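Below: one structure, written as structure tokens.
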Amino acid sequence: MEYEPRTIEKRWSDWWKKHQVYRVVETSDKPKFYILNMFPYPSGAGLHVGHPLGYIASDIIARYKRQCGFNVLNPMGFDAFGLPAEQYAIEMGIHPAVSTEENIRRYRQQMENIGLSFDWSREIRTCDPKYYRWTQWIFTLLFEHYYDYDADKALPITALVERLEKEGNARVRAACNADTPLITAQEWHRFSEKEKQLFLLQYRLTFPEESFVNWCPALGTVLSNDEVKDGVSERGGYPVERRRMKQWSMRITAYAERLLRGLEEIDWPEAIKDQQRNWIGRSQGALVRFPVEGHSGRFVEVFTTRIDTIYGATFMVLAPEHELVSAITTPAQWSEVQGYVKWAASRSERERISEVKRVTGVNTGAFAINPFSGNAIPIYVADYVLAGYGTGAIMAVPSGDQRDWNFAKAFGLPIVPILDSQKNLDQAADPTKEGRYINSGIINGLTYEEAVPKLLRWLEEKGLGKARIQYKIRNAIFSRQRYWGEPFPVYWKDGVPYLLPESELPLVLPEIDKYLPTETGEPPLARAQHWRYRPTPNEAYEYEYSTMPGWAGSSWYWYRYMDPHNDEAFCGREALHYWRCVDWYIGGPEHAVGHLLYSRFWNHFLYDLGLVPEREFAKKLINQGMIQGRSSIAFRAKESFYEEYLWVKVLKPYLDNFGPMHIPKNRAEESFTYDFAFASNDLAIEVVSWKKSDKIESVCQAAEADGKRLLVLFTEELAADINSPEKIAQRIQQALESREPFFMSRTVPEVEQLFVSFELTAKYSPECFSRLHVDISLVEDDVLDVARACERPMFQKAKFKVGPDGQFRCTYEIEKMSKSKYNVVNPDEVIEQYGADCFRMYEMFLGPVEASKPWDTKGITGVQGFLKRLWSLYVGQGNIWLVQDVDPSRQELCALHSAIKKITEDLNRFSLNTCVSHFMTLTNELRALKCHKKAILEPLVVLLAPFAPHLAEELWHRLGHETTVCDAPWPAWDERHLETDRVVYPVQINGKHRGNIEVDARASREEIERTALQQDFVLRYVGNGSVKKIIVVPGRIVNIVV
RNA sequence: GCCCGGGUGGUGGAAUGGUAGACACGCAGGACUUAAAAUCCUGUGGCCGUUGAGGCCGUACGGGUUCGAGUCCCGUUCCGGGCACCA
């Protein structure tokens, strides 16, 4: 019987379901292994072949670990809140819950088709009230805590209140807003309830605040920085603007140092760790206060990482938004400064970034005193200094910083060298730390290492500054003005947010009539008319109308899988302490600073509260690469193509007949003129589209003024005859011979678009074409199936200019798979044709899991052939069972055991592509040996089970087993079978491989040397020269140095 | 600009400092077949030479360390990703 994947796979996927083979329980004395895939957002397009890469890889590991005796948790769920479902709802009027449900159903079906061993009894969905109840609960915890730097952890806000009552906040070292005032206990006691609540918001780990946000008018919502790409929304590509709005924030900055330190203890790819470090952006430096001349008590406070350069500070720069700007600007400079500040404010973020090179700024007229030198230095305002970073002001050291240098050059400010090693300061800044200081007062002659502590000591003694660590990371905006997300468990009373009591959770999303913002610009939830919090019959408070962002539900979900149906807790203690944390986490690298950083933040917080057992939620992270699509691209002619075509293909070859050509010049300057004219004749030619035939009149006038007759050629008729240029030449010939003043066709062919085969496009300017994505199902080997293409709306009125072989060719591009690029390959179709096992192994065989690579179905036949050959070791023609219980030979055992060894080792280092090749090699060897022995083939089935579970299960049962192969213990290799009597040593002469010798496996070093030196090929190279040295690496190689 | 990756046959990719190109795809030739498909066999980095000799070159480029370098070090270059007036 032939290998029939479809029959086999159906049989066993049903059987697994029936016997609940993938059900996991905590009551096990086996060691635990928790492997987790980043859960997907269930989009309407379904899974494409790129999605399962990580799922398959993790499934193989999950199955392997299970066979190794671990109790494996391998769950799957859905990150089901999100913008696309809401956009779909707005367009189609379908409730997001309905379309989400439908998409999830499809995703699950597709995943089951692949044979993934997920325990579906643990499936979770972030949009399920039973789930988001706990997302809301965690939010309430964040609201009720603050971060205390002395304890270096989150503490209850009640602890802060106690301290405020006793001693005010002067000695409280905690994460808080930058402008939090110092208050005494007396002041605290004098606060009203409202004032107290507002004051506490400055400490809470989540809090509402006015902040600049990325507002997307088209989507009617706020986007986070990582949802904005190049100034437009990641989803939909709509423009985004900066706007000041009241938003909930997460005080992730409190955890900056912890998140940075925590990276040391986790096994994550360095690239991801680097990105997180970069994002957190720790920089060590100093805060320095520069007194403002003539304003006693006012200081310009700056942060610098190069305190050692302070003697080179020849001016100061404030951000336009800096509060000192209006206070210190002199009357003479007032209007200029005001004008600049206003102008800077009007510029969008995008403009500012796009004009990086331009130096702008203005002098305030005020001076600051350099605390070290006592020099008065001018204070400028410029928008290259950012209000949001550091103190919003800098000391400018043009000799060391290129931006300061540019500014100094533009404004004629002095550039003072401060290190004897600085070079070419007239051409650029030199940021070196080498050498010894000059022009630098108390640090003259010192090195960098000596200077910094001395300066810091001096500053601290004088009370003018101190060492300081600064972070780039900002608090994370946590609210979105949209419908399909978790509601905040918050109501507003007297302008103050209060938490709902826990008994009110979950606060369920209300039904609304439309999923759009209200007419007054409030979020969609404001449409829910009677949706109010009513603690007593006489009270009614508005809820918070924003919803939580996509990352809320994904920042803790791995705990819910441990205990998904628990109504008493986010996760039961027992399950929590059994599974503890994720052992292997698999997902794309695009989540480096979004999901993965927020998740770590929440986890550190939950850890502080003693709610979870580990500081870091995922010990090991693996990034799977992206499987890209191979898009097919066709070239569509633009109007300028026809002119070039006419010139190159028609006029040039026939020029001898027609006489010299004249192409009218200065076309841009004149209002309109024709395209060609014959110098020796009175005929002019104009190429124009039928759709633009209203232009003809002005062309006629131009021709008349020139004294020419006019031939109008429509692009449509050129397109229709595109494969026969001689017809067009004929038409021109007729026009030349005729004496009519004006020629054009009365009827124009119904051709609207002309596509040009790729190999022909090189002859024309690139501007002649637009590039269009073509559905890849219409293309094979870059050749378009023209007949089938014409049935598509896109090609309805198209004409194709084919190549010399009569074929129409496309070009291709490797890019992300997406519906809009028509390059999506659906796994269902591949599975239908080749089977799930083949699909799984092929995806692994494609290359390392971490690498991105284009999907290419060509190689899949190789894997298919391998599976067929493997099958034929067990089952012969006519469904004959070939496996016999016969003692295996030495050679067969060696082949098997070396495969066991390689596959096991490669699994442990997560090299799954090479595992597949080891299977191929073993199969090829066993076929060559005509091996049908049970002692060899049974372990092979067990090895194969993680990779091709259906096929393995089938063969396992045919071998007489009744229970699942998933629980068949992983075989161990026996070194004895790997040993051989004779070993082959490659022999190098001076490091170049020249031949091989075969010696006894137990041969001594001397024997090997002797054997090597006796070889003809060695003697040839050694000749009469003496052998200087022989290196023998046991089991490896012999190298003879002559 | 800064920070990470990465450059190996026609292609995807192998290679704890130890025979570069495993395993596949593709291609070429052959077997089976009326034919095709399927299957099987052989060859396949380049150049020169042989036609059962062999030699030279070869892992982006240039140096270095080493008995030995795709692998380690220094420099250059190209490609990909991330961050960015971040003081």
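Each chain gets a letter, A, B and so on, in the order the sequences are listed, and its residues count up from 1. Here the structure is a predicted model, which is why all the values come from computation and not from measurement.
- The pairing partner recorded for B:G26 is B:U44, the criterion being a Watson-Crick or G-U wobble arrangement whose two distances lie under 3.5 angstrom.
- The distance between the ring centers of A:F290 and A:F299 does not fall below 6.0 angstrom.
- With hydrogens and angles disregarded, no donor-acceptor distance shorter than 3.5 Å links the side chain of A:R840 to the backbone of A:L53.
- Note: CZ (A:R277) to C1' (B:C3) measures 11 Å, nearest angstrom.
- Taking the side chain of A:Q988 as heavy atoms from C-beta on, and the options B:A20, B:A87, B:U39, the nearest nucleotide is B:A20.
- The NZ-P distance, from A:K409 to B:C85, rounds to 26 Å in whole Å.
- Nucleic acid contact for A:R282: none, since no nucleic acid atom lies under 4.0 Å from a heavy atom of the residue.
- Of the candidate nucleotides B:A22, B:U39, B:A15, B:A22 has the atom nearest to the side chain of A:S917.
- Neither OP1 nor OP2 of B:A24 sits under 4.0 Å from any side-chain N or O of A:N913.
- In this entry the distance linking CG of A:N406 with P of B:A87 reads 16 Å, nearest Å.
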Evaluation steps, side chain to side chain contact (heavy atoms under 4.5 Å, CB included), between A:I903 and A:L907
CA-CA 6 Å; A:I903 290 165; A:L907 275 167; 4.1 Å; yes
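- Between A:S917 and A:T914, the side chains place no donor N or O within less than 3.5 Å of an acceptor N or O (distance only, hydrogens not considered).
- When Watson-Crick and G-U wobble pairs are counted only if both distances are under 3.5 Å, B:A37 pairs with no nucleotide at all.
- Side-chain atoms of A:R869 and base atoms of B:U39 include no donor and acceptor less than 3.5 Å apart.
- An OP1 or OP2 oxygen of B:G13 is reached within less than 4.0 angstrom by no side-chain nitrogen or oxygen of A:T914.
- For A:F411 and A:Y380, the distance between ring centers is under 6.0 angstrom.
- Across all strands shown, B:U51 forms no Watson-Crick or G-U wobble pair with both key distances under 3.5 Å.
- When the nearest nucleotides of RNA chain B are assigned to A:M920 and A:P848 by heavy-atom distance, the more 5′-ward of the two goes with A:P848.
- Close to B:G68, at under 4.0 Å from its OP1 or OP2, lies no side-chain N or O of A:R1036.
- Pair check for B:A87 finds none; no Watson-Crick or G-U wobble contact set falls under 3.5 Å.
- Heavy atoms of A:K858 sit under 4.0 angstrom from primed sugar atoms or phosphate atoms, though from no base atom.
- Heavy atoms of A:S283 sit under 4.0 angstrom from primed sugar atoms or phosphate atoms, though from no base atom.
- Atom NE2 of A:H993 is separated from atom P of B:A15 by 20 Å (rounded to the nearest Å).
- The partner of B:U76 is B:A60, by the rule that a Watson-Crick or G-U pair needs both atom distances under 3.5 Å.
- You won't find any donor-acceptor pair under 3.5 Å spanning the side chain of A:D274 and the base of B:C4, going by distance alone.
- Computed from coordinates, the A:Q275 CD to B:G80 P distance equals 17 Å when rounded to whole Å.
- Without hydrogens or angle criteria, A:N1039 side chain to A:V987 main chain gives no donor-acceptor distance under 3.5 Å.
- Among the nucleotides B:A15, B:C86, B:C56, the one closest to any side-chain atom of A:R994 is B:C56.
- Looking at heavy-atom distances under 4.0 Å, A:D404 makes no contact with the nucleic acid at all.
- Nearest nucleotide to the side chain of A:L386, out of B:C86, B:C25, B:G18: B:C86.
- The residue A:I1031 sits close to a base: some heavy atom pair falls under 4.0 Å.
- Atom P of nucleotide B:U39 and atom CZ of A:F866 are separated by 15 Å, given to the nearest angstrom.
- What separates CG of A:N278 from C1' of B:G81 is a distance of 12 Å, to the nearest Å.
- Anti is the conformation of B:G7, whose glycosidic angle sits further than 90° from 0.
- Checking A:L259, A:L260, A:L597, A:D274 one by one against A:W279, the side-chain contact (heavy atoms from CB on, under 4.5 Å) holds for a single residue, A:L597.
- Nearest to the side chain of A:V1041, among B:G12, B:C67, B:A87, sits B:C67.
- One atom, OH of A:Y471, and another, P of B:C86, lie 19 Å apart when rounded to the nearest Å.
- Considering only side-chain atoms of A:P986, the nucleotide from B:A24, B:C67, B:U19 that sits closest is B:U19.
- When both distances must be under 3.5 Å, the Watson-Crick or G-U wobble mate of B:G17 does not exist.
- Annotation: of the two residues near RNA chain B, A:V1033 and A:K992, the 5′-most nearest-nucleotide partner is A:V1033.
- The A:W279 side chain lies nearest to B:C83 when the options are B:C67, B:C25, B:C83.
- Counting only heavy atoms from C-beta on, A:A271 has its side chain closest to B:C4 among B:G13, B:C4, B:C86.
- Across the strands present, B:U65 finds no partner; the criterion is a Watson-Crick or G-U wobble pair with both atom distances under 3.5 angstrom.
- For the side-chain contact (heavy atoms from CB on, under 4.5 Å) test with A:H918, the passing option among A:K902, A:K901, A:E905 is A:K902; the others fail.
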